[in-house]
Q: 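Would you mind keeping the following structure in view while I ask a few things?
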Amino acid sequence: MAWPNNSPMDQIISGNFAPSRWATCPPSSLRIVDWNIDRGLQLSAVTDFLANTKADILILQEVDLNARRTHYLNIAEEIGRKLQMNYVFGREFQELTQGSKDSPAYHGQATLSKWPISNPRLIRFSRQSHFWQPHWFLPNIEPFQERLGGRIALIAQINVAGGKFVTYNLHLESRGSNALRISQLGEVLSDATRYDAGCPVIVSGDLNLDASREAVAFAFAKAGFQDAVKSPHTPTTPARGLFEVGRQIDWAFIRTPVRACSGHVHSRVRASDHYPISFMMTK
């Protein structure tokens with residue numbers, strides 16, 4: 001749906017909790033963690049894991065703001081304050097069953113950094129599923145998860161000791177076909193061409209598809225991106241039943257001139273319905 005100018009849905013929230021850094025040259029490597037944190041329902045466990053990783057950059061999906069289910073907290077700010085990181089938060093949906101008219105609840109993506117963040121912006125994908133929209137025949141109660149808004153990419157520039165790189169924090173549609181998700185991904189890869197070849201770019205998030213499949217892998221390769229985690233056929237979600245295996249739907253890709261190493265799926269972490277993924281970005 002179209003939103004009026006200056007709508008809260010298009011406003012990015014930010015906070016600065018990282019201490020000032022005076023490094024004169026960029027570090028040789030940075031640790032990146034990507035994770036769908038399931039709204040922050042297990043916030044203490046989520047934060048403890050993230051603290052232990054000693055990550056420089058966090059790329060998080062399914063992050064709540066002022067939702068009843070997560071005690072009306074600003075989840076991104078809670079994590080940023082505890083880990084002493086700067087953050088930006090983009091609203092994906094207004095959660096109609098989690099707030100009120102006077103105090104709305106939101107759900108979206110957050111990128112956190114130990115370094116300054118600048119120029120945050122959103123892509124609200126042109127193609128969306130209509131699954132989440134309110135319907136007159138459904139009651140406005142929690143099990144039906146009615147929402148306003150749509151899937152987004154949150155873009156941010158990370159400024160590291162005079163250098164910079166750009167992160168795309170994605171949450172592609174979970175309802176609908178792979179064709180819809182590939183269309184949304186196409187908007188991201190097209191947008192990334194605005195940055196010259198010397199600017200490192202990370203595209204990461206919950207893609208809700210297997211990016212090793214031919215069409216998606218080809219799209220990334222054509223745009224100059226490489227898989228940053230390189231953990232083939234490793235599920236990034238737990239199994240849903242006795243005879244099911246998890247899905248590999250959380251991914252991170254990087255564009256030269258940087259490289260990735262030490263990619264890992266943290267499959268022992270149970271603080272969400274997704275596993276964290278991590279890698280080191282090096283020169």
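Small disclaimer: the values here were computed from a predicted structure and weren't measured.
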Q: Testing the 3.5 Å rule here: is there a donor-acceptor pair between the side chains of Thr237 and Asp273?
A: no
Q: Kindly compute the distance separating NE2 (His274) from OG (Ser267), expressed to the nearest 0.5 Å.
A: 14.5 Å
Q: Is the backbone N or O of Leu43 less than 3.5 Å from a side-chain atom of Thr47, with the two atoms forming a donor-acceptor pair by type?
A: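 Side chain of Thr47 to backbone of Leu43, a donor-acceptor pair under 3.5 Å: yes, one is there.
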Q: So, the side chain of Asp56 versus the backbone of Arg31: is there a donor-acceptor pair under 3.5 Å, distance only?
A: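 Side chain of Asp56 to backbone of Arg31: a pair is present.
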Q: Check for a donor-acceptor pair, side chain of Gln98 on one end and backbone N or O of Arg69 on the other, with a separation under 3.5 Å.
A: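 Yes, Gln98 side chain to Arg69 backbone: donor-acceptor pair under 3.5 Å.
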Q: Where do Arg255 and Tyr195 land on the side-chain hydrogen bond (donor to acceptor under 3.5 Å, both in side chains) test, with the steps shown first?
A: CA-CA 11 Å; Arg255 193 180 74 180; Tyr195 301 104; over 6 Å; no
Q: OG of Ser118 to NZ of Lys164: how many Å apart, nearest 0.5 Å?
A: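 The distance works out to 8.0 Å.
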Q: With no hydrogens and no angle check, just 3.5 Å: does a side-chain donor-acceptor pair link Thr111 and Asn169?
A: yes
Q: Please enumerate all residues that pass side chain to side chain donor-acceptor pair (under 3.5 Å) together with Arg268, with sequence neighbours excluded.
A: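 Result, side chain to side chain donor-acceptor pair (under 3.5 Å) vs Arg268: none returned.
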Q: Find out whether Ile79 and Leu50 are in side-chain contact, i.e. whether some heavy atom of one side chain is under 4.5 Å from a heavy atom of the other.
A: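 Yes, at least one pair of side-chain atoms sits under 4.5 Å.
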Q: Any donor-acceptor pair under 3.5 Å linking the side-chain atoms of Glu187 with those of Ser126?
A: yes
Q: Taking the side chain as C-beta and beyond, is there a heavy-atom pair between Val88 and Leu154 under 4.5 Å?
A: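 Side chain of Val88 against side chain of Leu154, heavy atoms only: contact under 4.5 Å found.
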Q: Provide the closest heavy-atom pair for Ala228 versus Ile254 in the form atom of the first, atom of the second, distance.
A: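 That would be CB-CG2, 4.1 Å.
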Q: To the nearest 0.5 angstrom, please state how far the OG atom of Ser177 sits from the CG atom of Leu209.
A: 10.0 Å
Q: Give, for atom CG of Asn36 and atom CG of Leu60, the distance between the pair rounded to the nearest 0.5 Å.
A: 9.0 Å
Q: Restricting to side chain to side chain donor-acceptor pair (under 3.5 Å), what partner residues turn up for Gln226, sequence neighbours left out?
A: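 Testing Gln226 for side chain to side chain donor-acceptor pair (under 3.5 Å), a comparison that skips the adjacent residues, returns none.
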Q: In terms of hydrophobic clustering (I, L, V, M, F, W, Y; side-chain heavy atoms under 4.5 Å; direct or indirect links), are Ile158 and Ile32 co-clustered?
A: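 Yes, because Ile158 and Ile32 connect within a single hydrophobic cluster, where side-chain heavy atoms sit under 4.5 Å apart.
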Q: Who passes ring pair (Phe, Tyr, Trp, His ring centres under 6.0 Å) against His266, sequence neighbours left out?
A: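 Scan of His266 (ring pair (Phe, Tyr, Trp, His ring centres under 6.0 Å), adjacent residues dropped) gives Phe49, His264.
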Q: Any side-chain to backbone donor/acceptor pair from Asn16 onto Asn86? Under 3.5 Å, distance only.
A: no
Q: Honestly curious: do Leu73 and Leu112 fall in one hydrophobic cluster under the side-chain, below-4.5 Å linking rule?
A: yes
Q: Taking Ser231's backbone N and O only, do any of them form a donor-acceptor pair with Gln248's side chain (distance below 3.5 Å, no angle check)?
A: yes
Q: Are any of the side-chain heavy atoms of Gln94 and His107 separated by less than 4.5 Å?
A: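 When only atoms from C-beta onward are counted, His107 and Gln94 do not touch, as no gap falls below 4.5 Å.
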Q: In the single-linkage hydrophobic clustering (I, L, V, M, F, W, Y; side-chain heavy atoms under 4.5 Å), do Leu58 and Leu41 co-cluster?
A: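 Different clusters: Leu58 never reaches Leu41 through Ile, Leu, Val, Met, Phe, Trp or Tyr contacts under 4.5 Å.
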Q: Could you tell me whether the side chain of Arg127 and the main chain of Gln184 form a donor-acceptor pair under 3.5 Å?
A: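 Not confirmed, Arg127 side chain does not pair with Gln184 backbone.
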Q: Walk me through whether Ile182 and Leu180 qualify under side-chain contact (heavy atoms from CB on, under 4.5 Å).
A: CA-CA 5 Å; Ile182 290 170; Leu180 172 60; over 6 Å; no
Q: Strictly by salt bridge (Lys or Arg N to Asp or Glu O under 4.0 Å), give each pair with a member in residues 216-233 just once, sequence neighbours left out.
A: none
Q: Give the minimum heavy-atom separation between Phe125 and His171, together with the two atoms involved.
A: CE1-O, 4.2 Å
Q: Could you measure the distance from the CD atom of Gln61 to the CD atom of Glu92? Nearest 0.5 Å is fine.
A: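 Spacing of CD (Gln61) from CD (Glu92) equals 9.0 Å.
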Q: Test of understanding: clusters of I, L, V, M, F, W, Y form through side-chain heavy atoms closer than 4.5 Å, transitively. Do Ile277 and Leu185 belong to the same one?
A: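 Not linked; separate clusters.
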Q: Hydrophobic clusters here meaning ILVMFWY residues chained together by side-chain heavy-atom distances under 4.5 Å, can you tell me if Leu83 and Val269 are in one?
A: yes
Q: Working to the nearest 0.5 angstrom, can you tell me the gap between Ile202 CD1 and Asp34 CG?
A: 9.5 Å
Q: Is there a side-chain contact between Asn74 and Asn66 in this structure, where contact means two heavy atoms from C-beta onward sitting under 4.5 Å apart?
A: no
Q: Does a salt bridge link Glu173 with Arg181, judged by any charged N lying under 4.0 Å from a carboxylate O?
A: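 Salt bridge absent between Glu173 and Arg181.
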Q: Angle between ring planes, Phe17 versus Tyr87, binned at 30° and 60°: parallel, tilted or perpendicular?
A: parallel
Q: Mind checking whether Ile117 and Asn159 have side chains closer than 4.5 Å, heavy atoms only?
A: no
Q: Restricting to non-hydrogen atoms, name the atom on Arg151 and the atom on Ser174 that form the minimum distance, rounded to 0.1 Å.
A: NH2-OG, 3.1 Å
Q: Is there a salt bridge (charged side-chain N to carboxylate O under 4.0 Å, His left out) between Arg147 and Glu95? Walk through the geometry before answering.
A: CA-CA 5 Å; Arg147 298 163 157 177; Glu95 300 283 272; 2.6 Å; yes
Q: Scan for ring-ring contact (aromatic ring centres under 6.0 Å, His included) pairs involving residues 204-236, sequence neighbours excluded, and state none if there are none.
A: Phe220-Phe253
Q: Which pairs, with at least one residue in residues 200-217 and sequence neighbours excluded, count as a salt bridge (Lys or Arg N to Asp or Glu O under 4.0 Å)?
A: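 Sorted pair list comes back empty.
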Q: Could you tell me if the side chain of Gln109 sits less than 4.5 Å from the side chain of Ile152, heavy atoms only?
A: yes
Q: Are Pro27 and Val160 close enough that some pair of their side-chain heavy atoms sits under 4.5 Å apart?
A: yes
Q: Kindly give the heavy-atom pair with the smallest separation between Gly198 and Asp196, and that separation in Å.
A: N-OD1, 2.9 Å
Q: Do the side chain of Arg124 and the main chain of Met9 share a donor and acceptor less than 3.5 angstrom apart?
A: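 Checking the backbone N and O of Met9 against the side chain of Arg124, a donor-acceptor pair under 3.5 Å is found.
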Q: Indicate yes or no: at least one non-hydrogen side-chain atom of Trp115 is less than 4.5 angstrom from one of Met85.
A: no
Q: Quick check: closest heavy atoms across Ser278 and Val229, and the distance to 0.1 Å?
A: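 Scanning both residues, the minimum pair turns out to be O-CG2, 4.2 Å.
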Q: Report the C-alpha separation of Val188 and Leu170 in whole Å, then their side-chain angles, then the decisive distance to 0.1 Å, and conclude whether the side-chain contact (heavy atoms from CB on, under 4.5 Å) test is met.
A: CA-CA 9 Å; Val188 169; Leu170 277 58; 4.1 Å; yes
Q: Run the numbers on Val63 and Ile37 for side-chain contact (heavy atoms from CB on, under 4.5 Å), then give the verdict.
A: CA-CA 7 Å; Val63 180; Ile37 64 169; 4.0 Å; yes
Q: Testing the basics here: between Thr97 and Arg68, what is the closest heavy-atom pair and its distance to 0.1 Å?
A: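 Shortest heavy-atom contact: O-NH2, 2.8 Å.
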Q: Have Arg39 and Ser272 got a donor and an acceptor in their side chains that come within less than 3.5 Å?
A: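 Absent: no donor and acceptor within the cut-off.
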Q: Would Val258 and Thr282 count as a side-chain contact (heavy atoms from CB on, under 4.5 Å) if you check the C-alpha gap in whole Å, the side-chain angles of each, and the deciding distance to 0.1 Å?
A: CA-CA 6 Å; Val258 292; Thr282 66; over 6 Å; no
Q: I'd like to know if the side chain of Ser100 reaches the main chain of Ser103, judged simply by a donor and an acceptor atom lying under 3.5 Å from each other, with no hydrogens or angles considered.
A: yes
Q: Could you tell me if Arg91 sits above the aromatic ring of Tyr106, with its cationic atom closer than 6.0 Å to the ring centre and no more than 45 degrees from the axis?
A: yes
Q: Step by step, would you call Lys82 with Glu78 a salt bridge (charged side-chain N to carboxylate O under 4.0 Å, His left out)?
A: CA-CA 6 Å; Lys82 182 164 185 180; Glu78 293 293 320; over 6 Å; no
